[in-house]
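The structure follows.
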Amino acid sequence: MTIHDNLRWMRRYLILLWNHTLAYRGELVIILVSSVIRPLFGLAIWLAAIESGANLPRDREFFTTYFVLLPVVETLTSSWLAPPMADEIRSGGLAKTLIVPGQHRYRWTIGKLALNAVDGLLLLPLVGIAIVLFRDAIALPTEPWRWGLFAVSMVLASGLTLTLEALIGTLAFWLEDIGAVIRGNSVLATVLGGQLVPLALMPAWSHGMLAAQPYRYTVSFPLEILTGDLTVRDLAIGFAFQAAWLGVITWGAFAPWRRGLRGYTVFNM
Amino acid sequence: MTPLPIVPKHRALDPTIVHAVRRHLRIWRVFMAQALVREMQFRTNFLATIGVGALQLLLALIPILLLYSFTDAVKGWSRADAIALTGMAQLVTGLLCLFVKSNADDFHSYIQMGALDLVVTKPMSAPFYLMTRLLQPAEIFAVFSGLAVLSVGLAGRGWPGPESIAQAVLLIACGVTMLACIWCGVSWTAVWTISSSALPEVVNSILAAGRYPVSFYPVALRALFVGVVPVAFATTFPVESLLGSGSWWIALGGIALTGTFLLLLRAWWHFAIRFYTSASS
């Protein structure tokens, strides 16, 4: 296939996925409302602690900004690849994709882009309402360079979540049911990614370890850029880690994928 | 004209409500046996579920321990009380995952595959089938681990008396039943939306909110967690009972609310099934 053919196929596939996603718009709205509500519960807890006189290392403004922006970062970087991928591998549906030249390489990425684009559009009004509600307590950065770095880190974070999901999905070549692994990944991402508690609140002894693990770079790092926590040195180290993890996990996903494909046998086609 | 022969009436399947309940309990026993067999087939996933449950509990404790590293009490709740609440939330989550999760998560597949036709023609209550058909036995370990953490939280206060325990058990039963009603009720919206795979997200949000005392939340959210999405009856109120600050009035309110939720669920089923078109079958 030529580059032109591939691009044409990608465009058609993207439109197809958008149509498919919008067919389940009721479900989509439920996910988005839920993704906005959960951080607001977290905000309520930390504000209650501040009201009770807790001596927290961050102020009310930080918590409000962090938890209001959290659903935006979560939604735009999220990926739901492992369950459908595992399903295709188990059911034999993957065989159909493999006989079409080249396309399986891009299918998952385009799927993620389609979903994130629709999610982002639907999320905007909800986040807009949250920003209006908390306008007195939110501190958004005014420097354009910070927003630029935020955009770059979002692209890398998005790639990281996609490859992590792909890595988990490939386990379906060897495991009958990967539900527990998906759940485990979700739990780890929630805590280590800073979705439950900002990583800045973790004890000082854990900061080095938390800065090195990959989940930080899926959600927390882009947020840290916006909440103004990081120095230039921190930013450079952060981006280096983010890019390194993306490389390592991409390699980590491709190696078992190729190995799994070599031994792939479909019984029920 | 020769009179038509008198055809003997068929005996009703369930002459009384007691017969119906006994028959459905027998069916449920079969479902449980099948679930155990299935779980043994996927042994790796069984072990992974246990591991993930333990991890989930450990990670649920992190925010509590972090929060209380900055203060001794929040809104009257000490660290030990909050740990007990985390244990209770884990126990309730385990019960819901054991009995409800798979059924609620699977409902949309009945709609997509047209399998609901078969369910509504079975000689049993269709909502009963849809709410109890699948179980996840491995989740029993989440229940036990929740009990263990609850005990650790309560240990410093001295053990609660039988009355407090009875009150807590009653409140847990009410809370779990109401949350199960909500979970199933929301999953049944798949009759219109066709897919409800987003449901775990919603339920996880609700259960995550239940890991903290309702008094931590602003008044509007408190009202929501007591009257609309009554997660407080499953977590905060039972722990308050075990800590000795519960009230039988709350328990009575829980019973009344549970009755209301069950009636609403029944009405919701009858309403939703009217819109089922059987288009996929």
Side-chain angles (χ1 to χ4, degrees), chain A residues 20 23-58 78 80 83-84 171 174-192 195-199 201-203 206, chain B residues 41-53 55-60 62-77 97 108 136 138 186 189-190 192-206 208-213 215-218 221-222 225:
Chain A
H20 184 262
Y24 296 106
R25 53 195 173 277
E27 183 192 38
L28 208 57
V29 169
I30 291 175
I31 296 179
L32 293 176
V33 169
S34 151
S35 70
V36 173
I37 286 175
R38 198 164 37 180
L40 293 183
F41 290 159
L43 175 61
I45 303 305
W46 291 101
L47 293 185
I50 291 173
E51 270 177 35
S52 294
N55 189 21
L56 298 175
R58 295 287 189 277
S78 70
W80 187 244
L171 293 178
W174 298 278
L175 299 177
E176 279 286 340
D177 191 342
I178 60 161
V181 185
I182 293 172
R183 234 172 97 195
N185 177 58
S186 159
V187 171
L188 284 173
T190 305
V191 176
L192 299 177
Q195 296 172 34
L196 196 61
V197 179
L199 296 184
L201 295 184
M202 296 289 187
S206 67
Chain B
Q41 280 178 330
F42 301 112
R43 283 182 291 275
T44 316
N45 196 56
F46 177 81
L47 294 173
T49 304
I50 294 171
V52 169
L55 186 69
Q56 211 167 14
L57 177 61
L58 189 72
L59 296 181
I62 290 175
I64 292 294
L65 297 175
L66 267 177
L67 185 66
Y68 284 94
S69 68
F70 301 112
T71 181
D72 293 329
V74 179
K75 306 257 177 179
W77 284 74
C97 289
H108 70 108
Q136 283 189 315
V186 176
T189 56
W192 294 278
T193 60
I194 310 300
S195 174
S196 62
S197 54
L199 196 60
E201 283 293 313
V202 181
V203 177
N204 281 340
S205 300
I206 295 168
R211 289 186 186 276
Y212 302 94
S215 58
F216 280 25
Y217 296 102
L221 283 180
R222 241 178 274 174
F225 293 144

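Numbers restart at 1 for each chain; the letters A, B, ... are given by sequence-line order, proteins then strands. No hydrogens, no waters, no symmetry mates; every other heavy atom, side chains included, goes into these values. Computed from a predicted structure; not experimentally measured.
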At a 4.5 Å cut-off on heavy atoms, which part of A/Leu56 comes close to chain B: side chain, backbone, both, or neither? both
Quick one: what part of B/Pro218 sits under 4.5 Å from any heavy atom of chain A, side chain, backbone, both or neither? side chain
Taking all non-hydrogen atoms of both residues into account, name the closest pair between A/Trp46 and A/Leu196 and its distance.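 Heavy atoms only, the tightest pair is NE1-O, 4.5 Å.
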Structural part of B/Ile62 lying under 4.5 Å from a heavy atom of chain A: side chain
Worked check of side chain to side chain contact (heavy atoms under 4.5 Å, CB included) between B/Ile64 and B/Tyr212: CA-CA 9 Å; B/Ile64 292 294; B/Tyr212 302 94; 3.8 Å; yes
What part of A/Leu188 gets within 4.5 angstrom of chain B, counting heavy atoms only: side chain, backbone, both, or neither?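 For A/Leu188, backbone and side chain are both near chain B.
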Nearest 0.5 Å please: distance from the CG atom of A/Leu192 over to the CE atom of A/Met202.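 So the CG of A/Leu192 and the CE of A/Met202 are separated by 7.0 Å.
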Can you check whether A/Gln195's main-chain N or O pairs, donor with acceptor, with A/Thr190's side chain at less than 3.5 Å?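 Such a contact is absent between A/Thr190 side chain and A/Gln195 backbone.
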Closest approach of B/Ala138 and B/Ile50, non-hydrogen atoms and distance?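 Heavy atoms only, the tightest pair is O-CG1, 4.1 Å.
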Tell me, for B/Ala73 versus chain A, whether the close heavy atoms (under 4.5 Å) come from the side chain, the backbone, both or neither. backbone
With chain A, which of B/Leu221, B/Asp72, B/Leu67, B/Thr71 has the greatest number of heavy-atom pairs at distances under 4.5 Å?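 Top count of heavy-atom pairs under 4.5 Å with chain A: B/Leu67.
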Does any heavy atom of chain B fall under 4.5 Å from the side chain of A/Pro203, the backbone, both, or neither of them? both
Looking only at non-hydrogen atoms, find the nearest pair between B/Leu55 and A/Gly184 and report the distance. CD2-O, 4.3 Å
May I ask you to name which of A/Gly53, A/Gly42, A/Pro83, A/Pro57 has the most heavy-atom pairs under 4.5 Å with chain B?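 Looking at each option in turn, the highest pair count goes to A/Pro57.
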